[in-house]
Each structure stands twice: as C-alpha cells, then as structure tokens.
Amino acid sequence: MAEKQTEEKKSALPSKSNFSEWYNELLLTGEIMDVRYPVKGLYVWFPFGFDVRKRTYAIIRELLDKDHQEALFPLLIPETEFMKEAEHIKGFENEVYWVTHGGKNELDVKLAMRPTSETAIYPMYKVWVRSHADLPIRIYQIVNTFRYETKHTRPLIRLREITSFKEAHTVHATWDEAAEQVKEATRIYQEFYRRLAIPTIVSKRPDWDKFPGADYTMAVDTLMPDGKTLQIGTAHHLGSNFAKTFDIKYENLNGEQVYAHQTCYGISERSIAALISIHGDDKGLVFPPEVAPVQVAVIPIIFGNSEDIIKACSDVAEVLKKDGIRVALDTSDERPGAKYYRWEMKGVPVRVEIGPRDLKNNVATIVRRDTGGKETAPLANILEEVRKRFEAVHKSLFEKASNSLNERIINCDTLEEVKERITNGIARIPWCLERECGLAMEEAVGAGILGVPEGDLGSGTGKCPVCGKGTQNMAIMAKTY
RNA sequence: GGGGCCGUAGGGUAGCCUGGUCCAUCCUUCAUGCUUGGGGUGCAUGAGACCUGAGUUCAAAUCUCAGCGGCCCCA
C-alpha cells in the first residue's frame with residue numbers, strides 16, 4: 001500500500017515525453033496559470049506565474065529602454081480606423097472581437113478590440129510625425145490583445161486574450177533605416193532569449209506567411225520538446241504601406257512632404273511557454289536564476305531540537321538576501337524529502353541544505369536543480385558559491401537546450417525524407433525561393449516552411465526538390481504551433 | 001475546415017453499458033492534533049464533487065437533446 005502511494009505521488013506530473021499532458025499539468029501544479037477559467041482561450045495568471053512574467057518582461061524592458069520609449073494606447077479601435085488598411089483587415093477579419101453596444105444602445109461606430117495595435121497607434125503617429133527631426137520614433141507597449149481563435153487554444157501559446165503582448169512600433173525616414181531597425185529588433189530578441197537560456201533560429205518568412213500589410217516578416221522560432229516549432233518573436237518591415245493609408249508624412253530637408261517608413265515587432269507570453277517547456281523536466285519547472293521567483297531554497301535538516309541548525313540556515317539566508325538574492329528559508333515541519341520535491345517543482349535553481357553533519361564541518365550542501373548534483377561548500381563563502389552556481393546553471397541550461405535544438409535539425413534532400421523525419425524536429429532542405437515550389441513543398445510534406453534562416457543554417461548547395469534548379473538557399477520546414 | 005472521445009470534491013479517479021443497491025469509491029489535497037525529520041513519515045479526526053439547462057421516468061451521476069468547456073486525430 002505504501003509503495004502504491006509512492007507510485008501515485010511520483011506520477012503526479014506526467015512524464016515530459018508526454019508533452020501535452022505534462023505541459024497542462026505543470027502549469028497548474030507549478031502555479032503558473034490556472035487553466036480552469038470558464039471561457040475558452042482565457043486563462044488566469046497565478047501570483048507565482050505572474051512573478052515569472054514580471055521578471056521576464058523586465059528583461060525585455062531593460063533591452064528596449066536603451067532607445068525605445070514605453071507608452072500605452074487604447075484597447076478599442078473604431079471600425080473606421082480599423083478598416084483602413086485592406087490587406088491588414090483581411091488578415092484579421094475572422095478573428096476580431098467587436099464591441100457593438102454601450103449599455104443597451106447600439107454604437108454608431110463599432111469598436112474593435114485590438115488584435116494588434118497598428119490601427120490604434122498610426123492615427124496618432126500621423127499627428128505626431130511632422131518633420132524629419134521627429135524621426136526615428138521608437139515606441140513600445142505591453143498590453144493584452146484579443147483574437148477569436150477557432151483552432152485549438154492552448155495556455156500561453158494560442159490564446160483568445162494574449163495578456164502580454166509586447167509590441168514595438170517604429171517610424172523612420174527611409175526604407176533602409178527601417179530595414180536596419182528590423183535587424184536590430186531580431187538582435188534584441190535573440191539577446192532576450194539568450195538571457196532566458198533559450199536557443200533561437202531567425203528566418204525570413206515566406207511571402208505567403210508574412211504579416212498582413214508588411215513588406216516582409218522576420219521571425220524568431222524555437223523548437224519545443226514534442227518536435228514542433230514555436231514562433232516566439234516577429235519583426236515586420238511595413239515599408240510605407242501603413243504610412244500611405246494613415247497619411248504619416250514628414251517634411252524632409254528639401255521641404256517636401258514624404259511618406260515615412262515603419263516597422264513593428266512583437267513578443268508575447270509564448271516566451272514564457274518556451275521558457276517552461278524547454279527547461280522543465282519530469283520533476284517540474286526549471287528556471288534560469290535571473291527569472292526564478294525563488295533563486296535559493298534553504299532547507300534545515302533538523303533532528304529533534306536543533307536551534308543551531310535553524311540559526312545557521314537563517315544566517316545563510318540573510319547573507320544571500322543582503323546581496324539581493326531571492327531566498328526561501330523553509331522551516332515548515334515537513335520532512336526534507338517533501339521539501340525537496342516542492343521546491344524542485346517550483347524550479348528553484350539552487351538548494352542549500354544544512355544539517356548536523358554539515359554544521360560540524362562548517363559547510364553546506366548545495367544542490368543544482370538542473371543537474372541534481374550535490375556538492376559541499378564552506379559556509380564562509382556561501383555567497384560566492386551560490387553565485388557561481390547561478391552562472392553554471394544558466395550556462396548549462398543554454399548549452400543543453402542548444403544541443404537539443406541542433407540535434408533535431410535534420411538535413412534532407414527529398415520531400416519524402418522531410419515528411420518522414422519532420423515529426424522529430426526541423427527539416428533543412430534546399431529551396432529555390434520560388435513561391436510555387438515553396439507551396440508545393442508545404443503541400444507535399446504537410447508542414448510549413450519557416451523560411452530561410454540567417455547564417456550558415458540558411459546557406460548551402462543543393463537542388464530545389466520541386467523544380468530541380470540548383471540553389472544556395474536552405475529552407476527549414478517544421479510542424480508548427 | 002472534417003472526424004472522434006470526454007466532463008463526478010482543489011487534482012487524479014470508480015460507478016454510467018444494464019436507471020433504484022450512491023445522503024456516490026479510492027488516492028491525493030486541505031484543516032486540527034500527536035508523531036516524524038539527510039529524497040514524498042505514520043496515525044487519528046474532520047472538510048470537500050455528479051458542468052449548465054431542458055426532456056424521458058414512479059425514480060437520473062447513469063438514458064435523450066441543446067449549450068458551455070476540455071482533449072485527440074486528419075486536412
């Protein structure tokens with residue numbers, strides 16, 4: 001009986017190899033999101049999960065605040081503005097929520113709940129942009145957006161209310177400057193994800209998959225444990241498409257009124273989905289120290305009446321706290337093993353245990369969450385020892401995730417090969433860049449072309465599997481979320 | 001877009017096919033007390049559930065329909 005109980009306890013969280021179940025269960029057990037809110041596609045952030053979100057978004061803010069400004073635009077967009085950009089509407093018309101009534105009165109002009117904020121922001125940009133001296137403008141906001149998703153919704157991944165949409169909207173004098181900004185955006189996003197120990201691939205989306213109204217779209221993807229890719233950031237070059245519809249002009253040095261060029265780029269709570277999914281394991285959450293709500297759990301190992309132990313633990317906790325480390329001193333009267341499981345579930349990167357054996361030798365036992373490795377360290381250097389482990393944890397999480405990504409990029413020559421192997425990850429295959437060939441490839445394989453990645457990944461030599469023409473471009477294909 | 005499965009305490013479940021034996025089973029969780037304490041201590045006591053609505057019936061967790069919600073597969 002006792003053994004049976006143990007079995008059941010251990011299986012509280014499904015194995016990560018059963019990704020879907022593991023993910024859903026972990027969100028609840030790890031207190032990230034409560035998925036029980038009774039409206040499809042809407043979920044609740046637990047305080048703990050919200051803490052992770054705050055710390056994650058603090059990194060985005062830190063990176064953007066160097067040359068962006070944060071602002072806040074309204075949620076509701078009048079139909080008259082929303083309908084201005086034809087291509088843009090087409091991209092969203094089936095998923096917009098409309099506010100049609102104020103109380104019992106029908107509104108003269110319906111209000112769209114933003115699915116994204118171009119049409120809320122650009123009427124204001126029209127007013128704000130007067131002269132070349134006003135440019136560039138780099139503004140971002142972090143808001144909720146609404147999309148009436150008809151496909152399978154998933155917490156943090158496919159939502160009807162995206163609660164954490166960081167969208168930046170920039171205005172530039174020239175197309176080239178805007179293109180530079182798009183590059184800068186993907187650079188910032190890659191840096192952001194490095195801070196989260198998440199490896200990424202940046203690629204230019206095929207033309208048929210770009211943002212509605214954009215000249216082109218750059219996307220940041222990562223690979224989830226189940227072999228599907230997750231788009232975790234996009235940057236769009238809008239050219240002067242929106243500037244023309246919203247009449248955003250500036251006076252140049254020659255005194256002429258000319259259209260501005262724009263970009264927009266965004267990140268959502270999918271970043272948190274990636275964070276949790278990529279690092280988590282069968283025991284629960286695993287966080288890089290920077291975003292872990294609790295960075296160190298201090299656990300006294302008590303035998304009977306052990307004031308010395310408690311004292312030593314709270315001294316350690318104080319030393320760490322003084323240095324700004326987020327510490328939980330667990331003096332609850334559970335057994336140590338139960339405490340270990342609990343803090344492991346919560347993703348605490350480093351655990352410090354002090355028991356009679358340690359105290360006698362003036363050491364503490366330090367355990368890393370990512371590897372489970374136990375080491376002893378002198379109490380006198382506890383701060384350094386912990387800091388050292390933070391770095392090591394971050395580094396090894398990133399390495400592990402990068403290896404896992406690279407191992408699952410599979411070079412293919414034929415579409416049959418792609419189709420066969422794509423369930424395990426990303427297929428890399430020559431592509432001539434022609435639209436017809438690309439669409440045929442997607443059709444044949446039953447998966448999308450993410451694009452031609454930046455760097456070595458996107459270049460090589462081979463023949464397009466459809467038309468047979470020689471090409472230097474390598475595309476990546478994958479099942480996507 | 002097409003198809004299938006499902007909804008019972010905070011979480012996981014038994015019961016449903018064949019309506020009554022169910023003021024609903026077991027595990028976990030939570031509360032209180034004692035006990036215990038280097039990987040989920042043990043015991044005692046207690047708390048907590050049939051998704052919503054309509055229908056069939058003497059009788060519905062169980063059958064029918066609708067709504068809401070969840071999951072899976074295919075395009």
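All chains are named by letter (A, B, ...) in the order of the sequence lines, taking the proteins before the strands, and each is independently numbered beginning at 1. Keep in mind it's a predicted model, so treat the numbers as computed, not measured.
- When both pairing distances are held under 3.5 Å, B:G48 makes no Watson-Crick or G-U pair with any nucleotide shown.
- Using N1 to N3 plus N6-O4 or O6-N4 for Watson-Crick, or N1-O2 and O6-N3 for G-U wobble, each under 3.5 Å, B:U64 pairs with B:A54.
- When both pairing distances are held under 3.5 Å, B:C43 makes a Watson-Crick or G-U pair with B:G33.
- For A:Arg335, the side-chain atoms get nearest to B:G40 when compared with the rest of B:G11, B:G40, B:U35.
- Using Watson-Crick or G-U wobble geometry with both donor-acceptor distances under 3.5 Å, B:U25 finds no partner in any strand shown.
- Closest to the side chain of A:Ile301, from the set B:G39, B:G38, B:U35, is B:G38.
- For A:Lys283, counting side-chain heavy atoms from C-beta on, the closest listed nucleotide (B:G39, B:G38, B:C72) is B:G39.
- In this structure, A:Arg160 is positioned above the aromatic face of A:Tyr148, its NZ or CZ under 6.0 Å from the six-membered ring centre and within 45° of the axis.
- Applying the 5.5 angstrom centroid cut-off and the 30 degree plane-angle cut-off, the aromatic ring of A:Tyr340 is not stacked upon the base of B:G39.
- Judged by distance alone, the side chains of A:Thr119 and A:Glu81 never bring a donor and an acceptor atom under 3.5 Å apart.
- Using a 4.0 Å heavy-atom cutoff across all strands shown, A:Arg36 reaches sugar-phosphate atoms only and no base atom.
- Comparing B:U13 with B:A75, their C1' atoms sit 35 Å apart, to the nearest whole Å.
- Within 6.0 Å of NZ in A:Lys400 there are 12 or fewer heavy atoms belonging to other residues, nucleotides or ligands.
- Each of B:G70, B:G38, B:G40 was ranked by its minimum atom distance to the side chain of A:Pro336; first place goes to B:G38.
- Taking atom CG of A:Asp308 as the reference point, atom C1' of B:G37 lies 17 Å away to the nearest angstrom.
- The ring of A:His88 has its center closer than 6.0 angstrom to the ring center of A:Phe92.
- For A:Asp226 and A:Tyr481, the side-chain atoms include at least one donor-acceptor pair closer than 3.5 Å.
- Between the C1' atom of B:G40 and the CG atom of A:Asp330 lies a distance of 13 Å, rounded to the nearest Å.
- Here A:Glu21 lies out of heavy-atom contact (under 4.0 Å) with every strand.
- Between the CZ atom of A:Phe46 and the C1' atom of B:G11 there is a distance of 11 Å, given to the nearest Å.
- Rounded to whole Å, the distance from NZ on A:Lys228 to P on B:C73 is 7 Å.
- A:Glu344 comes within 4.0 angstrom of a nucleotide base, judged by non-hydrogen atoms across all strands.
- At the phosphate of B:C72, OP1 or OP2 sits under 4.0 Å from a side-chain N or O atom of A:Ser20.
- If you check every strand for non-hydrogen atoms under 4.0 Å, A:Lys151 touches nothing.
- Which of B:G38, B:U35, B:C72 sits closest to the side chain of A:Asp358 comes down to B:G38.
- With distances taken from any side-chain atom of A:Asn24 to the nucleotides B:G38, B:C71, B:G1, the minimum falls on B:C71.
- To the nearest angstrom, P of B:G38 lies 13 Å from CG of A:Asp333.
- B:C71 and B:G12 have their P atoms separated by 12 Å, given to the nearest Å.
- Across B:C72, B:U41, B:U35, the shortest atom-to-atom separation from the side chain of A:Ala338 is found for B:U41.
- Nucleotide B:C16 forms no Watson-Crick or G-U wobble pair with any nucleotide shown, as no partner meets the under 3.5 Å limit on both distances.
- Using a 4.0 Å heavy-atom criterion, one finds that A:Thr365 contacts the bases of the nucleic acid, with or without backbone contacts as well.
- Comparing B:C71, B:G39, B:G37 against the side chain of A:Phe303 picks out B:G37 as the nearest.
- Residue contacts shown for A:Gly372 are absent, as no nucleic acid heavy atom lies under 4.0 Å away.
- Counting only N and O atoms by type, the side chains of A:Trp45 and A:Thr163 include a donor and acceptor under 3.5 Å apart.
- With a 3.5 Å ceiling on both atom-pair distances, the Watson-Crick or G-U wobble partner of B:C5 is B:G70.
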